[in-house]
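Here is how names work: the chains are called A, B, and so on, in the same order as the sequence lines, proteins then strands, and each is numbered from 1.
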Amino acid sequence: MQIGNLIFILPALCMSVAAIIVLLLGVVASKRPHKGLDYFFPAQYAAPVFTAIVTGIAGWLAWTELAAIKAGAFTEQAVGLFVVNGHAQLTVDPFAAILSFIAFAGTLVVMFLSQDHFGEDMLHKAEYYSLLMFASVAASLAAAASDLIAIYLCIEFLSLTSYILAAFSKTDRRSAEAGLKYFLYGAACSAVMLYGMSILFGITGGNTALSAIAIGFKGELANSAAGWVAIMFVLVGLGFKLALVPFHFWAPDTYEGAPTPVTAFLSVVSKAAGLAVIVRFLTVVANPASPASSMWYWMLIVLTAVTMFYGNMVAIWQTNIKRMLAYSSIAQVGYLMIGVLTAMSSQVVPVDSFSAALRNNNKGAWDLPGVLIYMFAYLLMNLGAFAVVVVVGKRLKSEAIDSYSGLMKCAPFLASALAVFLISLAGIPPTAGFLGKLFIFGGAIMTGMDRHPELIVLAALGIINSVISAYYYLNVVRVMYFGFSGEGEAPAEPVRGTFAMNTVIAVMLFLTLAMIIFARPVSDMASSAVYSGLK
Amino acid sequence: MQILGFYITGYQVAFVILAGITLASAAMVVLLPNILRAAMFLGLSLFCTAGLYALMNAPFMAAVQVMIYVGAITTMIILAIFLSNRVMRIGFAQAIYNPLLAAGAAGLMFLFLFLTVVNSVWVKSAVAAGPARVGQDVPAVAQALLQPYVFPFELASVILLAVLVGAVVIAKEDVDGDS
């Protein structure tokens with residue numbers, strides 16, 4: 001391996017160092033609270049500064065990779081790190097680079113949310129921010145992991161830090177419950193995933209790299225009972241990270257009990273990492289020949305449909321806005337999975353690597369670009385919605401949807417921003433969510449017309465679910481604008497966010513609305529990230 | 001040695017004894033109401049697993065298993081039980097609400113996995129099929145960790161740092177009034 005290749009994980013390396021610096025700053029600053037270092041450069045300011053720099057580096061890296069691809073000077077070997085016997089353990093292709101940028105950007109927003117939510121006098125604040133930074137390192141590495149050991153370590157790193165973050169409000173019993181539930185489900189699911197990985201390791205003759213496994217995992221082996229068990233067990237672990245039904249049981253309680261910024265982190269950054277891993281795993285390993293012949297393809301189609309319906313149907317009845325967003329984010333993963341399944345079904349011949357899978361794919365296909373676009377849109381609209389929930393929740397001391405009644409009168413900016421974010425989550429034009437759904441459902445229908453009719457059914461179910469979700473998303477908008485069932489009393493005092501929070505919300509609002517204007521460059525960028533280049 | 005017409009090697013006898021103790025003590029961990037005794041049996045179960053590794057010609061794994069799992073983790077669990085004396089005093093009712101159903105589900109899962117393992121073809125890798133290299137596995141592991149697998153090795157150290165910090169934060173008793 002060449003040292004120069006380490007530049008591809010430069011953001012993750014910088015972030016690890018920065019996390020340790022924040023930890024040390026905390027030790028020094030805690031000696032004299034509110035004075036000296038704690039006054040001039042406390043953890044809650046140091047962490048976002050470092051994260052902003054790292055996000056910049058990650059963005060620059062993704063940008064230069066895209067530029068290099070346009071110039072045609074790019075090979076998969078060039079972006080492979082820690083190569084063993086010709087198989088890389090990390091592959092920082094543009095897909096990974098963009099998802100890692102999304103992870104860092106999401107973490108940056110979560111830090112602003114945390115500043116507002118916890119305030120200056122938060123207990124163990126240096127530890128909290130450095131754990132958040134470590135978690136983002138894990139997410140960014142998971143996006144590039146192309147080896148079973150790397151995948152397991154990254155997923156486990158992300159999970160372990162998330163358990164602690166979910167239980168961080170120690171005075172709140174619900175937070176402890178959130179952390180414990182997440183931990184117990186997570187431990188069980190990761191044990192199952194590890195068992196599946198060990199079978200995969202055994203039946204392919206002792207390989208851990210995904211591309212090496214793909215070479216051995218073909219024909220009879222892929223259709224054998226052991227192959228089936230191995231894939232299903234690995235999918236259990238990944239399904240847990242994504243909160244796919246039936247591995248979602250932890251999600252509602254954890255999302256409701258965890259501190260709101262942590263909930264935002266779990267629902268966006270953690271899912272981006274899980275999504276990256278599942279895309280790589282499904283397109284490379286779990287795709288022996290034609291997907292229609294593999295049992296897990298059909299199983300995933302059913303699970304995706306059930307996930308969408310379950311998330312939306314249960315979200316309708318929620319009275320707590322965090323819990324509603326939790327269930328709705330289960331449904332959102334269902335939409336993303338449609339894109340992943342479309343990408344999987346585009347394969348007609350077995351492949352040995354992710355880039356080979358992409359080369360086989362139809363160059364104009366919308367599926368994986370759609371996943372990237374939707375993931376970015378989801379980052380904007382979901383974090384935006386959580387930002388408003390943090391501001392309002394802190395001022396009103398309530399997360400009940402009822403308490404949003406008449407918010408339009410006392411906080412017009414926050415109310416309209418939340419309305420836009422929710423409209424975008426429902427996928428109504430002219431918002432970012434609409435663009436993402438257009439690509440994902442459109443891609444599924446195009447591939448479905450070609451050869452996989454089941455994808456058209458899935459897209460139709462997705463559209464039906466978007467209509468269902470519009471009901472409960474717009475219900476919040478109705479409560480904010482017209483009050484709640486007669487009883488609606490506007491809060492006595494005006495609700496105002498801090499300058500920083502208003503700026504963050506305004507930026508997200510602008511991007512949510514602007515994405516559709518820049519639809520062409522955005523979609524060009526996403527498809528060149530996925531399809532062109534890599535030889 | 002020949003028993004009841006079957007030819008049995010010492011290896012098989014050792015395997016059956018070790019596996020038997022491993023399973024029996026693992027069952028005790030789940031069934032015993034006293035958490036301290038359960039922890040002791042966990043140690044025994046892990047110790048016999050180390051014996052199984054040694055039988056499979058992996059002395060390094062066996063040593064690591066004894067040092068880390070038996071030596072460190074079991075001791076930590078027992079220490080944690082002693083330190084939190086509330087747990088010591090209350091009887092720990094194991095929450096198996098429907099033992100029949102649980103046993104049935106676990107049994108079905110076992111049958112399924114057992115049939116899967118028996119019916120699959122396991123490819124032997126070159127390393128496993130080669131001659132046993134007694135005394136060479138430690139250098140080999142060290143080289144693998146620091147050359148091809150340096151990324152997981154380094155990542156694991158970062159994970160340990162983050163988790164240690166987290167564990168301290170979660171376990172620390174905070175002074176009242178400053179949260």
Side-chain angles (χ1 to χ4, degrees), chain A residues 1 9 16 19-20 23 33 81-85 89-90 121-124 126-128 130-131 133-135 137-138 141 145 147 149-150 152-154 156-157 160-161 163-165 167-171 176 179 195 199 201-208 216 220-221 224-230, chain B residues 26 56 58 61 95 102 105-106 108-130 140-141 143-179:
Chain A
M1 181 203 119
I9 52 166
S16 314
I20 294 170
L23 209 53
L81 275 82
F82 306 104
V83 180
V84 186
N85 302 332
Q89 296 180 49
L90 288 178
D121 292 326
M122 176 193 186
L123 206 56
H124 308 305
E127 288 80 1
Y128 173 83
S130 71
L131 281 171
M133 293 162 95
F134 278 127
V137 170
L141 290 176
D147 178 286
I149 300 177
Y152 179 74
L153 278 176
C154 293
E156 199 65 356
F157 191 9
L160 287 167
T161 40
Y163 304 148
I164 300 161
L165 289 172
F168 216 89
S169 294
K170 284 165 71 182
T171 45
Y195 191 76
I199 295 179
F201 177 81
I203 56 175
T204 56
N207 285 310
T208 54
E220 265 183 48
L221 197 57
S224 68
W228 194 76
V229 169
Chain B
M56 283 186 270
M61 276 299 286
L108 273 181
M109 193 68 190
F110 169 74
L111 202 67
F112 173 63
L113 289 177
F114 181 73
L115 290 178
T116 308
V117 168
V118 170
N119 289 327
S120 351
V121 186
W122 299 91
V123 184
K124 269 194 184 166
S125 73
V127 182
V141 168
Q143 269 183 350
L145 275 183
L146 287 177
Q147 279 169 351
Y149 293 105
V150 67
F151 170 68
F153 183 65
E154 292 295 330
L155 185 61
S157 61
V158 180
I159 295 176
L160 280 179
L161 172 68
V163 170
L164 270 176
V165 170
V168 170
V169 169
I170 293 288
K172 193 165 171 268
E173 198 171 1
D174 293 326
V175 191
D176 276 27
D178 59 355
S179 83

*Asks:* Under the side chain to side chain donor-acceptor pair (under 3.5 Å) test, which residues partner A:T208, sequence neighbours left out?
*Replies:*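 Result, side chain to side chain donor-acceptor pair (under 3.5 Å) vs A:T208: A:D147.
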*Asks:* What part of B:F112 gets closer than 4.5 Å to chain A, counting heavy atoms only: side chain, backbone, both or neither?
*Replies:*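 When you check distances to chain A, only side chain atoms of B:F112 fall under 4.5 Å.
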*Asks:* Could you walk me through whether A:I149 and A:Q89 satisfy the side-chain contact (heavy atoms from CB on, under 4.5 Å) test, starting with their C-alpha distance in whole Å, then the side-chain angles of each, then the deciding distance to 0.1 Å, before giving a yes or no?
*Replies:* CA-CA 8 Å; A:I149 300 177; A:Q89 296 180 49; 5.5 Å; no
*Asks:* Let me know if A:L165 has heavy atoms under 4.5 Å from chain B in its side chain, its backbone, both or neither.
*Replies:*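 For A:L165, there is no contact with chain B at all, as no heavy atom is under 4.5 Å.
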*Asks:* Between A:Y195 and chain B, with a heavy-atom cut-off of 4.5 Å, which part of the residue counts as in contact: side chain, backbone, both or neither?
*Replies:*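 Side chain only.
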*Asks:* Using non-hydrogen atoms and a 4.5 Å limit, figure out which bit of B:I159 sits close to chain A: side chain, backbone, both or neither.
*Replies:*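 The answer is both parts of B:I159.
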*Asks:* Using heavy-atom distances under 4.5 Å, tell me whether A:F157 contacts chain B through its side chain, its backbone, both, or neither.
*Replies:* both
*Asks:* Enter the distance from A:L123:CG to A:F168:CZ here, rounded to the nearest 0.5 Å.
*Replies:* 8.0 Å
*Asks:* Does the ring centre of B:Y149 sit less than 6.0 Å away from the ring centre of B:F153?
*Replies:*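 No, too far apart.
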*Asks:* I'd like to know which of B:L115, B:V165, B:V117 tops the heavy-atom pair count under 4.5 Å against chain A.
*Replies:* B:V165
*Asks:* Show your reasoning for whether side-chain contact (heavy atoms from CB on, under 4.5 Å) applies to A:H124 and B:K172.
*Replies:* CA-CA 10 Å; A:H124 308 305; B:K172 193 165 171 268; 3.8 Å; yes
*Asks:* Applying side chain to side chain donor-acceptor pair (under 3.5 Å), name anything that partners A:N207, two or more places apart in sequence or on another chain.
*Replies:* none
*Asks:* Give, as side chain, backbone, both or neither, the part of A:I9 having an atom under 4.5 angstrom from any heavy atom of chain B.
*Replies:*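 Contact with chain B involves no heavy atom of A:I9 at all.
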*Asks:* Take A:V137 and B:V158 through the test side-chain contact (heavy atoms from CB on, under 4.5 Å) and record every step on the way to the result.
*Replies:* CA-CA 10 Å; A:V137 170; B:V158 180; 5.8 Å; no
*Asks:* Please classify the contact between A:L153 and chain B as side chain, backbone, both or neither, with a heavy-atom cut-off of under 4.5 Å.
*Replies:* both
*Asks:* Which bit of B:L161 is near chain A, if near means a heavy-atom gap under 4.5 Å: side chain, backbone, both or neither?
*Replies:* side chain
